[in-house]
Each structure stands twice: as C-alpha cells, then as structure tokens.
Amino acid sequence: MSGIKTASPTIVGRIADTLRARIVRGEIAGGAALRQDHVAEEFQSSHVPVREAFRQLEAQGLAVDLPRRGVRVTMLDPAAIKENVAIRAALDNL
C-alpha cells in the first residue's frame with residue numbers, strides 16, 4: 001500500500017493521491033459518491049486500479065463502501081480529515 005505521498009509512481013497511487021487531496025480540500029463533499037466509471041475515465045484507466053485506490057482511501061478512513069450504494073466519501077469535518085491524513089503520514093514515515 002502506498003503511503004501518503006504527493007507523487008506516486010503507479011496509476012493506483014496517482015488516483016488515490018488525487019482523490020485524497022480533493023477530499024481533504026473539501027472539493028469532494030462528505031457523503032458524495034465516488035463513481036468507478038467516472039474516475040476510470042478521468043485517469044484513462046481500467047476499473048481495477050480505481051478499486052484499489054478506493055480501498056486505500058477506505059483504509060485511511062476517507063471513504064466507505066456501502067452495500068448497494070457504492071463507495072462514498074466519509075462524513076467527517078475537514079479538520080478531522082486533515083488530522084487523519086497527518087497522522088497516517090507520520091505513521092507511514094516510521
């Protein structure tokens with residue numbers, strides 16, 4: 001699993017990094033659906049790396065996979081998301 005980095009060499013990392021940044025900045029609101037088709041099209045990739053990027057976001061507490069509703073951005077306030085990302089970054093650097 002890639003850590004919290006600004007430049008990842010893989011498509012999975014680039015997708016996860018971009019979505020993470022958008023979530024943290026509030027460009028993607030809490031509760032918003034993350035659509036595999038739209039993300040795959042934006043990054044000109046298949047669905048496989050998109051699903052893996054979604055798993056990374058879930059592991060970081062930024063997204064949740066809801067049965068029959070798909071992957072959605074976690075309902076956290078921006079301060080809590082930023083704190084979560086900062087803690088993960090510190091732990092990944094150990």
Original post:
Sequence neighbours excluded, which residues qualify as side-chain hydrogen bond (donor to acceptor under 3.5 Å, both in side chains) partners of E42?
Top reply: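 So E42 forms a side-chain hydrogen bond (donor to acceptor under 3.5 Å, both in side chains) with R22.
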Subject >> side-chain hydrogen bond (donor to acceptor under 3.5 Å, both in side chains) partners for R72, two or more places apart >> reply: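 Scan of R72 (side-chain hydrogen bond (donor to acceptor under 3.5 Å, both in side chains), adjacent residues dropped) gives none.
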**OP:** Quick one: closest heavy-atom pair of A53 and A16, and the distance?
**Re:**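 What the structure gives for the nearest pair is CB-N, 3.7 Å.
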**OP:** With rounding to the nearest 0.5 Å, note down the distance linking OG1 in T74 to CD in Q60.
**Re:**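 Rounded to the nearest 0.5 Å, the OG1-CD separation comes out at 10.5 Å.
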Original post:
Should T10 and R14 be marked as a side-chain contact (heavy atoms from CB on, under 4.5 Å) after you check the CA-CA gap, both sets of side-chain angles, and the distance that decides it?
Top reply: CA-CA 6 Å; T10 67; R14 288 195 309 269; 6.0 Å; no
Atom pairs and distances, donor-acceptor, side-chain atoms in residues 23-37, under 3.5 Å, two or more places apart:
residue: R25; atom: NE; partner: E27; partner atom: OE2; Å: 2.7
residue: R25; atom: NH2; partner: E27; partner atom: OE1; Å: 3.3
residue: R25; atom: NH2; partner: E27; partner atom: OE2; Å: 3.2
residue: Q36; atom: OE1; partner: R51; partner atom: NH1; Å: 3.4
residue: D37; atom: OD1; partner: H47; partner atom: NE2; Å: 2.7

**OP:** Given side-chain contact (heavy atoms from CB on, under 4.5 Å), test V73 with L62 step by step and report yes or no.
**Re:** CA-CA 6 Å; V73 175; L62 298 174; over 6 Å; no
**OP:** Only counting residues at least two apart or in another chain, list the ones meeting salt bridge (Lys or Arg N to Asp or Glu O under 4.0 Å) with E58.
**Re:**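 Partners of E58 under the salt bridge (Lys or Arg N to Asp or Glu O under 4.0 Å) test: none.
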Original post:
Which other residues end up in the same hydrophobic cluster as L66, if Ile, Leu, Val, Met, Phe, Trp and Tyr are linked when side-chain heavy atoms come under 4.5 Å apart?
Top reply: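 Listed partners: V64.
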**OP:** Could you pull out all residues at least two apart from S45 that satisfy side-chain contact (heavy atoms from CB on, under 4.5 Å)?
**Re:**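 Checked S45 against side-chain contact (heavy atoms from CB on, under 4.5 Å); matches are I11, I15, A40, F43, P49, V50.
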Subject >> Cationic N near anionic O, under 4.0 Å, R20 to D17 >> reply: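 Here R20 pairs with D17 in a salt bridge, since their nearest N and O are under 4.0 Å apart.
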